[in-house]
Amino acid sequence: MTMEKDHGPLLKVEDMKKYYPIKGGILGRAIGQVKAVDGVSFEIKEGETLGLVGESGCGKSTIGRQIVGLEKPTAGKIYYDDLDLTGMSARDMNKIRTDIQIVFQDPYSSLNPRKHIYEILAQPMLYHGKSDKSSLDKDLERLLDMVGLSRNVLGRYPHEFSGGQRQRIVIAKALSLNPKLLVCDEPVSALDVSIQAQILNLLKSLQKELDLTCLFVGHGLGAVNYVSDRIAVMYLGKIVELGEAKDVLLHPVHPYTNALIQAAPVPDPKVEEKEHQILQGEIGSSVNPPSGCRFHPRCPFATEKCKLEEPTLKICESAEHIGMKGHQVACHYADKMIMNGKAGSV
Amino acid sequence: MSHLLEVKDLTTAFSADYGETVSVDHISFHVDKGETVCIVGESGCGKSVTSLSIMGLLGRGGAVKDGSALFDGRNLLELNEKELDALRGNRISMIFQDPLTSLNPVFTVGNQIIESIRTHMDLSKEEARERAIQVLAKVGMPDPARTMKKYPHTMSGGMRQRAMIAMALSCDPDLLIADEPTTALDVTIQAQIMALLKKLREESGMSMILITHDIGLVARMADRVLVMYAGQLIEEAPVKELFAEPRHPYTKALLATVPSIYDDKDRVLESIPGIVPEHYDKIKGCRFADRCPYRRPECDDPQKDIVINDHHKVKCWRAESI
């Protein structure tokens, strides 16, 4: 094991914003903006896995894309190992790219159908100098072994594999460059349940084995809990709650987190459903987000203050008192929620 | 008492260049009045094909090879198109996974619901319109009168699904077949739709077949559960019994593979090794045998249903010993 490092976190995101223009009219001028991510800050320590959950359109995948460098954020900074990725030239970025890899949701569209697996895996390793002709065979074998595939996959094409096997290949491809940070963008959402468990187990064992730092984006709370140390919950481009996985899921403070957890059906017919806790209304629009707290139109506890003033994400004192360390919540009434027992305890 | 729907030995095959694939293989089950039956299984196990066969919606290439589906005493599989049209949307309705592709994009929601009502009921345009507004209100559509004039693409996924449910319910069906109705929706919206279906079911006493792969939904909605694997029905039981005492190794594994928010950091998920076999209809013995931890040589013989009790059936000869 490496020595404990005490300098900053491996990844630090500061006030990240990503707006996409909406074009309209004959001239294709921007007539509005989709605020996919609107001021998000978080850190990931080395060896840690942060889970990012939220419903579709909340901006969770967008964050992953910015970190890997597929897109540049509109504003804000991304620090990787104290290097600012947002201001970096393409050439410098290329050097770092091998350190940060991504696994996408759909293993059907993330492998080139015209190349066989040998090419798909070997090319990046040779290009980035992670392997050379003499050691390539051995390296490939080690890699396939790691993700639980046999050597004879190398001569085959992506279409010959099932979804789960493809996802293993995608993971092997991401790991071939010895990354330190792995962004997993809903890696199991497209797979069947019995295969999901295989891939989740694989990811979990790889994390341990390789001491990987991970950002795990997902919407299945169970799956995210399974692999994450800490969890951030997003709603309409903002983080509303961030804390230790156990704390967020079992003692949610923010009304949205609470509702999200209640909404996910529990695989046990003996658990009675709490009908009254079903969240009403729809997810707002990220083009024109609600004023004040973005969740207020759906929140059962909303007051006048929530409509006017936007709450910031800050450490919740009351949560600290009951042993939830570093638990951050963006809600005016976070402390009250805990004191009045309105915060969920599952 | 006779059942509302009784399916016996339903077998459906699809023909392709390389021959015929039997994707639903001798399936028998029933649905009683007011009951919700969940069909659960992984993609490609034949759960949707089962419902499409019953509804006569198989399309080109697919054909029912054997079996019967008695609905209120009439065999649905022997009806002609005209007779089916009189039943579909009227006494049996269906809602699909993706509301955007199942609603007609060039007509307003109101138009489509009115059409469905007037096809089956002898009502004037005005009466049908009123009924449509009532149904939309019943499914929790805000401002139903205005929604009538909306086109599907202007609505959100959750609202579209409500519109489709409204259409399906417009003639008070006896049986609603819901094929993954919330897979395309977010969890908070899914919770709304499921609560709605539950409420409507209680109010009207209709029966429901819910097709899903989500074990959580099964636990929440079902009275009885049918587990399908590779085109066969491998276990059938009341929901509580199935979760408490799953007998088929596949059902057991399926229930154990679901990660939960209550899990400890150290939990190791059970996973089923391997994948669903290709050309599974050519396998003579148990189709799960290759992935099964309890495999014995006898598993390669054709499997019969083992009856555990009146309501619980399992297609595994070792069901009582493991």
Side-chain angles (χ1 to χ4, degrees), chain A residues 54-58 148 161-165 188 191-202 204-205 219-229 231 245-246 248-250 256 259-273 275 277-283 285 298 346, chain B residues 40-45 140 142 156-159 184-192 194-196 198-199 213-222 225 238-244 250 253-265 267-276 278 291:
Chain A
E55 297 181 86
S56 52
C58 72
F161 296 97
S162 68
Q165 283 174 309
V188 295
L191 306 174
D192 265 321
V193 262
S194 73
I195 310 297
Q196 278 187 14
Q198 291 177 8
I199 298 296
L200 286 175
N201 279 335
L202 172 66
K204 199 165 173 172
S205 70
H219 66 259
L221 295 175
V224 173
N225 175 42
Y226 190 62
V227 293
S228 306
D229 299 305
I231 289 181
K246 275 269 132 342
V248 172
L249 294 176
L250 301 184
Y256 176 66
L260 195 65
I261 292 167
Q262 301 294 346
V266 184
D268 183 352
K270 280 176 288 181
V271 176
E272 282 297 314
E273 189 183 352
E275 295 271 349
Q277 272 167 339
I278 289 173
L279 205 53
Q280 298 306 313
E282 307 242 331
I283 303 157
S285 134
R298 303 177 79 190
V346 193
Chain B
V40 59
E42 298 178 65
S43 50
C45 73
S156 70
M159 285 304 152
L185 305 176
D186 278 314
V187 275
T188 57
I189 308 298
Q190 164 174 302
Q192 293 172 2
M194 282 301 156
L196 170 70
K198 242 182 164 168
K199 192 185 98 195
H213 63 265
D214 186 335
I215 309 289
L217 276 188
V218 174
R220 191 177 271 193
M221 300 294 292
V225 187
V239 65
K240 285 191 177 140
E241 193 170 327
L242 187 90
F243 277 79
Y250 175 69
L254 197 64
L255 296 177
T257 51
V258 186
S260 144
I261 58 166
Y262 305 108
D263 289 344
D264 272 333
K265 192 83 198 105
R267 174 175 175 193
V268 178
L269 275 187
E270 245 182 79
S271 64
I272 309 174
I275 54 168
V276 180
E278 277 178 62
R291 306 172 75 185

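Chain letters run A, B, ... following the sequence lines, proteins first, then strands; residues in each count from 1. Atoms considered below: every heavy atom in the structure, side chains included; atoms not considered: hydrogens, waters and symmetry mates.
- Counting only distance, with no hydrogens or angles, the side chain of A:E282 and the backbone of B:G157 share no donor-acceptor pair below 3.5 Å.
- For the options A:S228, A:G220, A:A245, A:G164, heavy-atom pairs under 4.5 Å to chain B are most numerous at A:S228.
- Looking only at side-chain heavy atoms (C-beta outward), B:Y262 and A:L249 stay at 4.5 Å or farther from each other.
- The CG atom of B:L269 sits 9.5 Å away from atom CD of A:Q196, with the distance rounded to the nearest 0.5 Å.
- Only the backbone of B:S260 comes within contact range of chain A, with at least one heavy atom under 4.5 Å from a heavy atom of that chain.
- The contact between A:L200 and chain B is made entirely by side chain atoms (from C-beta outward), counting heavy-atom distances below 4.5 Å.
- Here the closest heavy-atom approach between residue B:A191 and residue A:A263 is recorded as CB-CB, 3.9 Å.
- Comparing B:V258, B:D214, B:T257, B:I189 by how many heavy-atom pairs each has under 4.5 Å with chain A, the most go to B:T257.
- Between chain A and the options B:L242, B:L254, B:V187, B:V276, heavy-atom pairs under 4.5 Å are most frequent for B:V187.
- Per-residue counts of heavy-atom pairs under 4.5 Å with chain A were compared for B:Q192, B:K240, B:K199; the largest is that of B:Q192.
- Taking the side chain as every heavy atom from C-beta outward, B:I261 and A:Y226 never approach each other to under 4.5 Å.
- Chain A forms more heavy-atom pairs under 4.5 Å with one residue of B:V218, B:L217, B:L185, B:L255 than with any other, namely B:L217.
- The side-chain heavy atoms of A:P265 and B:Q190, taken from C-beta on, include a pair separated by under 4.5 Å.
- For B:P273, the part lying under 4.5 angstrom from a heavy atom of chain A is the backbone only.
- Neither the backbone nor the side chain of B:E278 comes within less than 4.5 Å of any heavy atom of chain A.
- With a 4.5 angstrom heavy-atom cutoff, A:S205 does not touch chain B via any of its atoms.
- A:V224 does not touch chain B: none of its heavy atoms, backbone or side chain, sits under 4.5 Å away.
- B:R291 places a side-chain heavy atom less than 4.5 Å from the side chain of A:S194.
- Side-chain contact check for A:R298 versus B:T188: some heavy-atom pair is nearer than 4.5 Å.
- Residue A:D268 touches chain B through its backbone alone, counting heavy-atom pairs closer than 4.5 Å.
- When all heavy atoms of A:A223 and B:P259 are compared, the closest pair comes out as N-CG, 3.6 Å.
- Put simply, of A:G281, A:A259, A:G57, A:A264, the one with the most heavy-atom pairs under 4.5 Å next to chain B is A:G281.
- Considering every non-hydrogen atom in both A:V193 and B:E42, the closest pair reads CG2-CG, 4.5 Å.
- The two residues A:K246 and B:D263 come nearest to each other via the heavy atoms NZ-O, 2.8 Å.
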